[in-house]
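Model, not experiment: these values are computed from the prediction. Letters go in sequence order (proteins before strands), and every chain restarts at 1.
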Amino acid sequence: MLDIKRIRENPEAIKSGIKNKNDNTDVDKILSLDEKRREIIREVEDLKSKRNKVSQEIAQKKKAGENADKTIAEMKAVGDKISSLDSDLRELDEAIRNIIIWIPNLPHQSVPVGSDESANVVVREWGKIEKKDFKVLPHWKIGEKLDILDLEAATRISGSGFYLLKGLGAKLQRALVNYMLDTHSASGFLEIAAPFIVTADSMFGTGQLPKLENDMYKTTEDSMYLIPTAEVSITNCYKQQIISHGELPIKMVGHSPCFRREAGAAGKDTRGMIRVHQFDKVEMVKIVEPENSYVELETLVEQAEKILQGLNIPYRVSMLATGDLSFAAAKCYDIELWSAGIEKYLEISSVSNFEDFQARRMNCRFRDKDKKVRHPHTLNGSGLALARLIPAILENFQNNDGTVSIPEVIRPYMGGIKQIG
RNA sequence: GGAGAGGUGGCCGAGUGGUUGAAGGCGCACGCCUGGAAAGCGUGUAUAGGUAACCCCUAUCCAGGGUUCGAAUCCCUGCCUCUCCGCCA
């Protein structure tokens with residue numbers, strides 16, 4: 001959520017930022033409502049001040065045994081005026097809020113301006129894409145052949161858009177999760193196991209609501225939501241908290257299933273495990289002082305890259321253009337890995353700085369070295385998504401005899417076996 | 001799910017409808033004292049909004065309504081916590 005003061009003070013900058021994010025919120029409407037709101041606040045607060053004073057006078061008179069009926073009658077009128085103004089004020093607050101909650105975060109100045117992904121900038125590539133001398137099978141074929149991936153069973157159970165791993169496939173996922181959690185823990189991230197079902201308020205806090213309402217699974221009885229990413233649960237650990245001085249930066253990591261309706265996505269890159277309604281992911285979250293957040297963003301990307309480097313999978317890192325940024329992000333790097341079977345770069349991690357956007361929505365604050373209370377910056381990054389990582393391993397580590405080698409760092413997590421099949 | 005009890009500042013804990021933003025204590029910060037420390041003494045110690053301004057004003061004692069000239073205090077609703085019972089991995 002943007003600070004109303006910031007909107008009031010730099011309306012033009014806000015407007016252009018919003019435009020670069022492909023949003024068309026009416027900023028002038030907010031400004032005029034805000035002006036009116038402050039006018040009423042001044043008026044109603046004057047009246048309240050008067051009421052407080054006179055109420056004390058009434059108390060004095062009563063104590064002295066004097067009659068205060070006339071004053072009380074006058075104050076009744078003042079009281080009525082106050083409640084009427086208070087109700088106007090509530091309406092204005094509501095009206096402003098209903099606009100402001102839909103405004104996306106503004107892009108950072110270092111983000112390339114562009115309306116879509118074609119303006120994204122590749123900032124680095126790592127590893128060598130190996131040309132295999134045989135036809136690499138896509139993951140859904142090699143997975144079924146090795147009997148470690150059963151998409152049919154998943155469909156039987158849950159309909160389209162789900163996957164089911166079994167045997168060494170299931171074990172591979174568990175091993176990868178453990179490898180990633182261990183790697184991040186060793187870098188100082190506190191491991192968190194948080195709820196997967198959260199309140200609307202938490203979804204609002206990290207910016208999924210109200211905009212992404214239709215992309216999420218919701219429970220009918222209690223209006224709870226299934227998390228689309230562990231970012232929601234982990235970041236909201238600090239919802240409505242004032243973090244003591246010296247506690248920042250906070251670094252957390254957690255593993256969770258991610259539930260996404262993927263409404264309207266049918267038909268596009270949907271084969272196999274690539275786009276599904278439920279997948280596992282390891283997610284990193286940082287809460288940091290504003291001054292450091294862009295340095296922290298770089299190290300967070302590097303932290304995610306460590307995993308791919310450890311596995312020895314080639315990838316590239318792109319900086320997203322303004323129009324491709326998510327609702328809450330001010331700056332974002334995508335990490336894409338090369339998948340040899342479907343011969344595509346697959347997005348496997350998205351690492352973002354939200355600045356104070358989420359902190360404002362969550363009402364999360366920290367005490368800085370001058371004891372001032374301020375909003376921290378929040379960041380998060382996948383580290384990494386299993387439903388993309390497993391296909392990449394099945395394809396990139398495929399051998400011409402139809403077996404799949406286990407990346408070396410994963411072998412200790414799989415009882416020492418070197419390959420599947 | 002059933003029955004009770006309860007939600008007050010960083011924490012504990014007072015609070016008859018009328019200078020209570022809130023006693024007292026603890027903690028914390030600073031100062032005095034000391035060779036240094038402890039103890040002791042003194043001072044300070046919430047958040048948000050209105051404002052150029054922590055000068056002032058307003059709001060906030062779980063949240064939202066209501067009664068009243070005036071609500072931490074009375075009424076209603078919701079949420080949460082605790083205890084006991086039930087159920088359960």
Side-chain angles (χ1 to χ4, degrees), chain A residues 1-10 30-101 193-205 209 219-225 233 236-248 250 257 356-376:
Chain A
M1 197 148 63
L2 299 184
D3 185 4
I4 183 76
K5 278 187 195 155
R6 188 172 163 204
I7 299 176
R8 203 186 286 154
E9 283 158 18
N10 326 282
I30 297 176
L31 291 174
S32 74
L33 288 170
D34 177 55
E35 184 50 48
K36 198 161 176 201
R37 172 179 161 271
R38 286 185 294 154
E39 217 170 86
I40 292 181
I41 285 175
R42 284 190 286 268
E43 189 180 350
V44 76
E45 286 192 352
D46 275 352
L47 289 174
K48 283 180 179 172
S49 173
K50 182 178 174 189
R51 179 176 69 182
N52 288 344
K53 280 200 193 87
V54 176
S55 285
Q56 280 180 30
E57 289 168 23
I58 291 172
Q60 296 299 321
K61 281 189 185 176
K62 289 214 162 179
K63 234 177 223 168
E66 293 171 33
N67 186 302
D69 290 355
K70 198 180 157 210
T71 322
I72 288 174
E74 279 172 28
M75 281 303 105
K76 178 147 180 66
V78 171
D80 289 346
K81 182 70 181 164
I82 288 173
S83 36
S84 136
L85 287 173
D86 267 342
S87 134
D88 291 350
L89 203 53
R90 265 197 300 276
E91 275 172 36
L92 278 170
D93 281 338
E94 186 69 17
I96 292 170
R97 184 183 152 84
N98 281 339
I99 301 175
I100 225 168
I101 60 173
F196 304 150
I197 305 178
V198 303
T199 58
D201 187 56
S202 293
M203 284 299 182
F204 178 82
L209 285 178
T219 69
T220 50
E221 295 298 312
D222 331 277
S223 295
M224 303 277 283
Y225 293 82
S233 311
N236 275 293
C237 280
Y238 288 90
K239 177 170 74 176
Q240 288 160 16
Q241 299 297 301
I242 297 180
I243 299 162
S244 305
H245 173 244
E247 277 190 58
L248 299 183
I250 290 167
D356 65 3
F357 191 80
Q358 293 182 325
R360 282 182 185 284
R361 293 170 88 94
M362 291 193 295
N363 193 23
C364 167
R365 291 161 297 170
F366 77 104
R367 216 172 280 281
D368 70 12
K369 61 179 188 302
D370 301 321
K371 295 185 177 177
K372 270 192 65 176
V373 175
R374 295 156 64 199
H375 294 284

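Pair check for B:A3 finds B:U83; Watson-Crick or G-U wobble, both atom distances under 3.5 Å. Nucleotide B:G9: unpaired (no Watson-Crick or G-U wobble partner with both distances less than 3.5 Å). Pair check for B:U19 finds none; no Watson-Crick or G-U wobble contact set falls under 3.5 Å. With a 3.5 Å ceiling on both atom-pair distances, the Watson-Crick or G-U wobble partner of B:U58 is B:A48. With a cut-off of 3.5 Å on both Watson-Crick or G-U wobble distances, the partner of B:G40 is given as B:C32. Base pairing of B:U73 is not made with any nucleotide, judged by Watson-Crick or G-U wobble geometry with both donor-acceptor distances under 3.5 Å. Remark: B:A53 base-pairs with no nucleotide; criterion is Watson-Crick or G-U wobble with both hydrogen-bond distances under 3.5 Å.
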In 5'-to-3' order, the base (B), backbone-only (S) or no-contact (-) status of each nucleotide in nucleotides 47-52 of chain B, using a 4.0 angstrom heavy-atom cut-off, is SSBSS-
Given protein heavy atoms under 4.0 Å, the one-letter contact record of nucleotides 60-80 of chain B, with B base, S sugar-phosphate only and - none, is simply -----S---BS----------
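Only the P atoms considered, B:C26 is 9 Å distant from B:G40, to the nearest whole Å. Comparing B:C79 with B:G25, their P atoms are spaced 39 Å from each other, to the whole Å. The gap from the P atom of B:G70 to that of B:U58 amounts to 15 Å, rounded to the nearest Å. Across the P atoms, B:G15 and B:G1 are found 34 Å apart, a figure rounded to whole Å. Between B:C75 and B:A48, the two C1' atoms lie 28 Å apart (nearest whole Å). With both ends at atom C1', the span from B:U83 to B:G24 equals 29 Å, rounded to whole Å. Rounded to a whole angstrom, the distance from the C1' atom of B:C84 to that of B:C12 is 26 Å. Nucleotides B:A22 and B:A72 place their P atoms 12 Å apart, quoted to the nearest Å.
One distance of note links CD of A:Glu57 with CG of A:Asn52; it measures 11.5 Å at 0.5 Å rounding. Expressed to the nearest 0.5 Å, how far CE of A:Met362 lies from CG of A:Asp356 amounts to 10.5 Å.
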Evaluate the criterion side chain to side chain contact (heavy atoms under 4.5 Å, CB included) for residue pair A:Tyr225 and A:Leu209; output intermediate values, then yes/no. CA-CA 10 Å; A:Tyr225 293 82; A:Leu209 285 178; 3.8 Å; yes
Exercise. Run the side chain to side chain contact (heavy atoms under 4.5 Å, CB included) check on A:Val198 and A:Met224 step by step: do they pass?
Worked result: CA-CA 6 Å; A:Val198 303; A:Met224 303 277 283; 5.8 Å; no
With side chain to side chain contact (heavy atoms under 4.5 Å, CB included) as the criterion, how do A:Leu47 and A:Leu85 come out once you've worked through the C-alpha distance, each side chain's angles and the decisive distance to 0.1 Å? CA-CA 10 Å; A:Leu47 289 174; A:Leu85 287 173; 3.8 Å; yes
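The pair A:Asp3-A:Arg8 does not count as a salt bridge, with every side-chain nitrogen at least 4.0 angstrom from each carboxylate oxygen. Look at A:Arg51 and A:Asp46 and you find no salt bridge, because none of the NZ, NE, NH1 or NH2 atoms lies under 4.0 Å from a carboxylate O.
The CD-P distance, from A:Gln240 to B:G10, rounds to 14 Å in whole Å. A:Asn363 places its CG atom 14 Å from the C1' atom of B:A46, with the value rounded to the nearest Å.
Within the 4.5 Å cutoff, no side-chain heavy atoms of A:Arg97 are placed close to those of A:Asp93.
The side-chain tip of A:Arg360 does not point at the ring of A:Phe204 from less than 6.0 angstrom away and within 45° of straight on.
A:Lys36 NZ: 12 or fewer foreign heavy atoms inside a 6.0 Å radius.
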